[in-house]
Amino acid sequence: GLIVLPHPCRFREPPPDLVARVDLIEAFNARTPKAANLRGREIAAAAGKPMLAAPDAHRVAELGLARVVFEGDPPADDAGLKDALLQAPRRFEARGGSIWDEWLSQAVKCTKRPDPKLAWHLARGVARRLVKPGEYAAE
């Protein structure tokens, strides 16, 4: 197996010892602010770790927001897949989602299981998205 560090700078920067122990680092996450994605790429490059992109889809509409396209033929087996993930040239096809994608999925969760802490987080998220919409725009 391989260890992937997802959205490494979304909430806080990962400690160097954690970065050293992972195999791949997510360098683009469609639900993560631009500055955090950029810092994730910087950390991956400095550590010499291969990068991935992900849509972080919680709804069907988000599935096409990001993918990794590898060059060459598809791997024939698990060992080939592992080698491709670690070594193969790649490019990302990615775009940021709506600034409301994550907020909407969390709001749905809160309606199913009311939680005052999550409700407060959602209210702060509305304010943040209204005041700084550019933080969530596509890269």
Side-chain angles (χ1 to χ4, degrees):
L2 297 172
I3 300 170
V4 178
L5 182 59
H7 37 347
C9 299
R10 173 116 182 229
F11 302 106
R12 66 189 67 81
E13 194 157 313
D17 63 319
L18 175 62
V19 172
R21 293 191 320 254
V22 302
D23 299 304
L24 301 117
I25 295 178
E26 186 180 65
F28 177 84
N29 180 292
R31 289 173 166 250
T32 298
K34 289 189 294 186
N37 278 333
L38 178 59
R39 184 65 186 131
R41 284 193 295 276
E42 291 169 352
I43 289 170
K49 303 288 182 171
M51 298 180 214
L52 295 175
D56 202 350
H58 292 219
R59 299 179 304 117
V60 172
E62 298 173 280
L63 283 174
L65 293 178
R67 69 182 184 151
V68 181
V69 179
F70 293 93
E71 295 180 17
D73 295 327
D77 55 20
D78 290 346
L81 177 59
K82 183 176 179 180
D83 185 57
L85 286 167
L86 295 173
Q87 308 287 334
R90 69 203 63 196
R91 65 184 164 81
F92 299 157
E93 291 180 358
R95 59 188 169 85
S98 161
I99 63 174
W100 298 101
D101 281 335
E102 178 187 10
W103 188 90
L104 180 59
S105 73
Q106 295 300 313
V108 169
K109 183 192 315 183
C110 191
T111 60
K112 291 179 180 179
R113 199 169 5 111
D115 175 352
K117 186 175 179 182
L118 180 56
W120 171 247
H121 175 75
L122 288 168
R124 283 184 38 209
V126 167
R128 188 176 318 115
R129 283 163 174 76
L130 292 173
V131 173
K132 297 182 178 183
E135 285 186 23
Y136 297 88
E139 293 188 38

**Prompt:** Taking R41 for the side chain and A27 for the main chain, is one N or O donor matched with an acceptor at less than 3.5 Å?
**Reply:** yes
**Prompt:** What closest approach, in Å, do A84 and F70 show between heavy atoms, and which atom pair accounts for it?
**Reply:** O-CE2, 3.6 Å
**Asked** Can you name the salt bridge (Lys or Arg N to Asp or Glu O under 4.0 Å) partners of E42, sequence neighbours left out?
**Response** R39
**Message:** I'd like to know if L130 and L122 are part of one continuous hydrophobic network [Ile/Leu/Val/Met/Phe/Trp/Tyr, side-chain heavy atoms within less than 4.5 Å].
**Reply:** yes
**Asked** Hey, which of R31, E62, E26 is the one that makes side chain to side chain contact (heavy atoms under 4.5 Å, CB included) with D56?
**Response** R31
**Message:** Take a 6.0 Å sphere around CG of D77 and say whether it holds more than 12 heavy atoms from other residues, nucleotides or ligands.
**Reply:** yes
**Prompt:** Looking at CZ of R113 and OG1 of T111, how far apart are the two atoms once the value is rounded to the nearest 0.5 Å?
**Reply:** 10.5 Å
**Flag side-chain contact, heavy atom, 4.5 Å: L85 against K82** = no
**Message:** Would you say that M51 contacts V68 through its side chain, given a criterion of any heavy-atom pair below 4.5 Å between the two side chains?
**Reply:** no
**Prompt:** In chain order, what residues pass the side-chain contact (heavy atoms from CB on, under 4.5 Å) check against P89, with sequence neighbours excluded?
**Reply:** E71
**Message:** Applying a strict under-4.5 Å side-chain criterion to I, L, V, M, F, W and Y, I'd like to know whether V4 and I43 cluster together.
**Reply:** no
**Asked** Take atom CG in D17; do more than 12 heavy atoms of anything else shown fall under 6.0 Å from it?
**Response** yes
**Asked** With no hydrogens and no angle check, is any side-chain donor or acceptor of N37 less than 3.5 Å from a backbone partner on N29?
**Response** yes
**Set of side-chain contact (heavy atoms from CB on, under 4.5 Å) partners for A47, sequence neighbours left out** = V19, K49
**Asked** In the single-linkage hydrophobic clustering (I, L, V, M, F, W, Y; side-chain heavy atoms under 4.5 Å), do I25 and L2 co-cluster?
**Response** no
**Item:** ILVMFWY cluster, L18 and I3 together (side-chain gap under 4.5 Å)
**Value:** yes
**Fill in**
Minimal heavy-atom distance between A66 and P55, with the atoms involved, is O-CD, 3.4 Å
**Prompt:** What closest approach, in Å, do P75 and L81 show between heavy atoms, and which atom pair accounts for it?
**Reply:** CB-N, 3.3 Å
**Stepwise side chain to side chain contact (heavy atoms under 4.5 Å, CB included) test for L24 and L86** = CA-CA 7 Å; L24 301 117; L86 295 173; 4.3 Å; yes
